[in-house]
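As structure tokens, the structure follows; a few thoughts come after it.
Letters A, B, ... are given to chains in the order of the sequence lines, protein chains preceding strands, and every chain is numbered from 1. Not measured: the values here are computed from a predicted model.
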Amino acid sequence: MTVHEPIYITTPLYYVNDELHLGHATTTIYADTLARFWRACGRPVLFLTGSDEHGQKIHKAATAAGTDPKSFADRIVGKFFELWDALDITYDVFIRTTDDFHKHAVQQLFTRLNSNGLVYTGKYEALYCVDCETNSTEKDLVEGRCPIHKSVPQKVQEENWFFRLSAFTDRVREHIEKHPASIVPEARRNEILGKLKEGLLDSSVSRTTFTWGVPLPWDSRHVLWVWSDALVNYISALGWPGGKALPTDAIAGRRRHQHTRAVGETPFAYWWPHSVHLVGKDILWHHTAVWWSMLLGAGISPPRQVFAHGWWTVEGDKMSKTLGNVIRPLDVATRYGRDALRYHVLREGPARGDADWRQALFVARYNADLANGLGNLVNRSLNMLGKYCDGKVPAEAAFADPALETLRLALGARVDRLLGALSAKVSELDLDGALEEIWLLVRDANAFVNTSAPFKLAKDPARKQDLQAAMHALCQVVHALCHAVAPFLPDAGTRIAAQLQLAPGQPLPEGLRWGALPAGHQTGKPEPLFARIEEANA
RNA sequence: GGCUGGGUAGCUCAGGUGGUUAGAGCAUAGGAUUCAUAACCCUAAGGUCGCGGGUUCGACUCCCGCCCCAGCUACCA
């Protein structure tokens, strides 16, 4: 593991036209977990999220709400901030596409594309379905009519600026083939490669029918189309092209964590080669073919990796406003705790394919893994420590019984192996797999309690040394779990640390070591970590 | 239609360059235990590894065909 290699983790910028739902929270929780894990490993991390605020939709929504687009965006962004606060998302940078520095970067990028001969004016023709409020292509229509509304779309024609996407088909494909890990999972990479086989078509990047956007520097009648503007955030946030510091550092309220500083070079030069974009599967195309072409056209390398996750369904149905089954992350967090939300997202979420949010499964997993598994282990261990050792960590000791001693050593070996196992899984963005590694330890440790039975040893003065061996081992396990769990379940990490009377947030390489909790250390009062959920027929 | 995945225990999924009794977690049943949040631990039951052919001494794993599901099919955040 190269712990010193930086990593730049990004979520998409969420569009300010609506409340954020479980899908947005999922991407953000993945990102936050990665950020916390790598920070804990001592790796330089920059974690970016933000809001996408331009475009016709926002303009319309604002007008409908009787306000101007910026005020409208301000209001919605306020809700984003509240949600990420409530979920304790530790972003280093929150960018808004209405930030001046971003607009300037976008303009510079397009100026560069223009001087490289990659944009030109052309006629944009589309069939606009008034009912869908969107453009459709001939292919979408059934007998010349919108398949949903059965209406005949109007032909709209507009003079637009076009980007020569078509010039990049081969370069993008070659890049993917040369860097297979640049798009994960593999099935998604194949999708993109498959589409690339058909070749890229030039795409229009500007609009003239509204003004809520970034004006083209050389033709101010045009504003850039939302995507053309939004994607640039990943580099504008770094101060591209030449900024010496992160632009958002100068703006109040734009970070919930103090990021690692780029050393010896500009933030862009430092972070960009280590960029990992987390996106939903719906926007993978934009984040690969389109975005990479824009970058290549401006002489910038594509991001190191794009990870596309799937979507949630809810009890088997598509999550939609119309069905009224939208899951609000804040509701879940308020009711069950934000760790419970995180755990379910990380454990059962759509990291590979799509996933189904089922309340019964949520409750079952919570009770089995969090309450009965981790929570109970920590609680029973610290309880016994309090009863049998006055809450003081005993010195390490060996069991007289060789079978028990073998178990003890195996437990120690598992603790010492955990950091490597976790790093391997997290490197592959397999957060579910990482949790499984942690729970292997939880299960082993619970079995160890039953087998070594400290509660029996405590009754037999002749077996004092065995009791010491058992309790020392359990202390080390709880200490290790406290650290291992923290990036995934931050509140649990903090609460275990409090019960151990330790400062939270110690680095993983020190925390995940057998013997790291010193003999004689006084622990605090044990408290259940996760109350069982008792819901009738949930 | 084309392309890409996938169909393995009730549920969610691992796995296998073909070779004795196919794995895990959850759920279920029985047992043991009392430190703990009626938690934990042990054991058991549970699968014709989508269907039909073929290759082979032998296939769930390879080949062919078929069925079913999901995703992608670009200007929709």
(request) Anything under 30° is parallel, anything over 60° is perpendicular, the rest tilted; go ahead and classify His344(A) against Trp312(A). (result) parallel

(request) Remember a base hit wins even if backbone is also touched, and classify Pro528(A) as base, sugar-phosphate or nothing at under 4.0 Å, heavy atoms. (result) base

(message) If you only use heavy atoms from C-beta on, which nucleotide in rG25(B), rA74(B), rC72(B) is closest to the side chain of Glu191(A)?
(response) rC72(B)

(message) By the 4.0 Å heavy-atom rule, please label Asn160(A) as base, sugar-phosphate, or nothing.
(response) nothing

(request) Measure from the side-chain heavy atoms of Trp285(A) and tell me the nearest of rC35(B), rC75(B), rA74(B). (result) rA74(B)

(request) Can you figure out which of rC76(B), rU34(B), rU4(B) approaches the side chain of Asn190(A) most closely? (result) rU4(B)

(request) Verify the contact: side-chain N or O of Arg380(A) to OP1 or OP2 of rA39(B), cut-off strictly under 4.0 Å; return yes or no. (result) no

(message) What contact category does Leu361(A) fall into here, base, sugar-phosphate, or nothing, at under 4.0 angstrom with non-hydrogen atoms?
(response) nothing

(request) Compare side-chain N and O positions of Asn450(A) against OP1 and OP2 of rC40(B) and report whether any pair is under 4.0 Å apart. (result) no

(message) Does Trp439(A) have more than 12 heavy atoms from other residues, nucleotides or ligands lying within 6.0 Å of its CH2?
(response) yes

(request) For Asp52(A), report the nucleic acid contact type (base, sugar-phosphate, nothing); a contact means any heavy atom under 4.0 Å. (result) base

(message) Ignoring hydrogens and geometry beyond distance, is the side chain of Asn376(A) in donor-acceptor contact with the base of rC40(B) at under 3.5 Å?
(response) no

(message) Applying the Watson-Crick and G-U wobble criteria at under 3.5 Å, what pairs with rC66(B)? Answer none if nothing qualifies.
(response) rG50(B)

(request) Could you let me know what rC13(B) is paired to, Watson-Crick or G-U wobble, both distances under 3.5 Å, or none if it's on its own? (result) rG23(B)

(request) Remember a base hit wins even if backbone is also touched, and classify Ala447(A) as base, sugar-phosphate or nothing at under 4.0 Å, heavy atoms. (result) sugar-phosphate

(message) Categorize Phe530(A) for me: base, sugar-phosphate, or nothing, with a 4.0 angstrom heavy-atom threshold over every strand shown.
(response) base

(request) Find the partner of rA74(B): check Watson-Crick (N1-N3 plus N6-O4 or O6-N4) and G-U wobble (N1-O2, O6-N3) distances, both under 3.5 Å, and reply none if neither fits. (result) none

(request) Under a 3.5 Å limit for both distances, which nucleotide forms a Watson-Crick or G-U wobble pair with rA36(B), could you say? (result) none

(request) Could you tell me which nucleotide pairs with rA45(B) by Watson-Crick or G-U wobble geometry, both distances under 3.5 Å, or answer none if nothing does? (result) none

(message) Heavy-atom nearest nucleotide on RNA chain B for Glu348(A) versus Asn17(A): which residue maps closer to 5'?
(response) Glu348(A)

(message) Show, in sequence, the C-alpha distance, side-chain angles and deciding distance for Gln476(A) and His472(A), and conclude whether the side chain to side chain donor-acceptor pair (under 3.5 Å) test is met.
(response) CA-CA 6 Å; Gln476(A) 300 309 323; His472(A) 171 269; 3.2 Å; yes

(message) Taking any heavy-atom pair under 4.0 Å as a contact, classify Leu200(A): base, sugar-phosphate, or nothing.
(response) base

(request) Taking only the side-chain heavy atoms of Asn383(A) (C-beta and beyond), determine which of rG71(B), rA36(B), rA74(B) contains the nearest atom. (result) rA36(B)

(request) Using the six-membered ring wherever Trp is involved, compare the ring planes of His287(A) and His277(A) and label them parallel, tilted or perpendicular (cut-offs 30° and 60°). (result) perpendicular

(request) Would you indicate which nucleotide in rG25(B), rG5(B), rC40(B) comes nearest to any side-chain atom of Ala187(A)? (result) rG5(B)

(request) Could you tell me whether Leu201(A) contacts a base, only the sugar-phosphate backbone, or nothing, with contacts defined as non-hydrogen atoms closer than 4.0 Å? (result) base

(request) Among rC35(B), rA39(B), rU4(B), find the nucleotide with the atom closest to the side chain of Arg532(A). (result) rA39(B)

(message) Need one value for Phe455(A): base, sugar-phosphate or nothing, where a base atom within 4.0 Å counts as base even if backbone is also close, heavy atoms only.
(response) base

(request) Assign each of Ala364(A) and Ser381(A) to its nearest nucleotide of RNA chain B by heavy atoms, then name whichever residue's nucleotide is nearer the 5' end. (result) Ala364(A)

(request) Report which part of the nucleic acid Gly433(A) touches: base, sugar-phosphate, or nothing (heavy-atom distance under 4.0 Å, all strands). (result) nothing

(message) Counting only side-chain heavy atoms from C-beta out, which of rU4(B), rC76(B), rC72(B) sits nearest to Lys57(A)?
(response) rC76(B)

(message) Does rC35(B) have its OP1 or OP2 closer than 4.0 Å to a side-chain nitrogen or oxygen of Lys387(A)?
(response) no

(request) Pick the P atom in rA24(B) and in rG18(B), then give their distance to the nearest Å. (result) 24 Å

(message) Quick check for you: among rC76(B), rC35(B), rC11(B), whose closest atom lies nearest to any side-chain atom of Arg358(A)?
(response) rC11(B)

(message) Here's a test for you: under side-chain contact (heavy atoms from CB on, under 4.5 Å), which of Ser381(A), Pro394(A), Ser452(A) qualifies with Leu474(A)?
(response) Ser381(A)

(request) Anything under 30° is parallel, anything over 60° is perpendicular, the rest tilted; go ahead and classify Tyr366(A) against Phe530(A). (result) perpendicular

(message) Any base atoms under 4.0 Å from Leu13(A), or only sugar-phosphate, or nothing? Heavy atoms, all strands.
(response) base

(message) Counting the atoms with a prime plus P, OP1 and OP2 as sugar-phosphate, which does Lys197(A) contact under 4.0 Å by heavy atoms, base, sugar-phosphate, or nothing?
(response) nothing

(message) Tell me whether the rings of Tyr120(A) and Phe162(A) are parallel (<30°), tilted (30 to 60°) or perpendicular (>60°).
(response) parallel

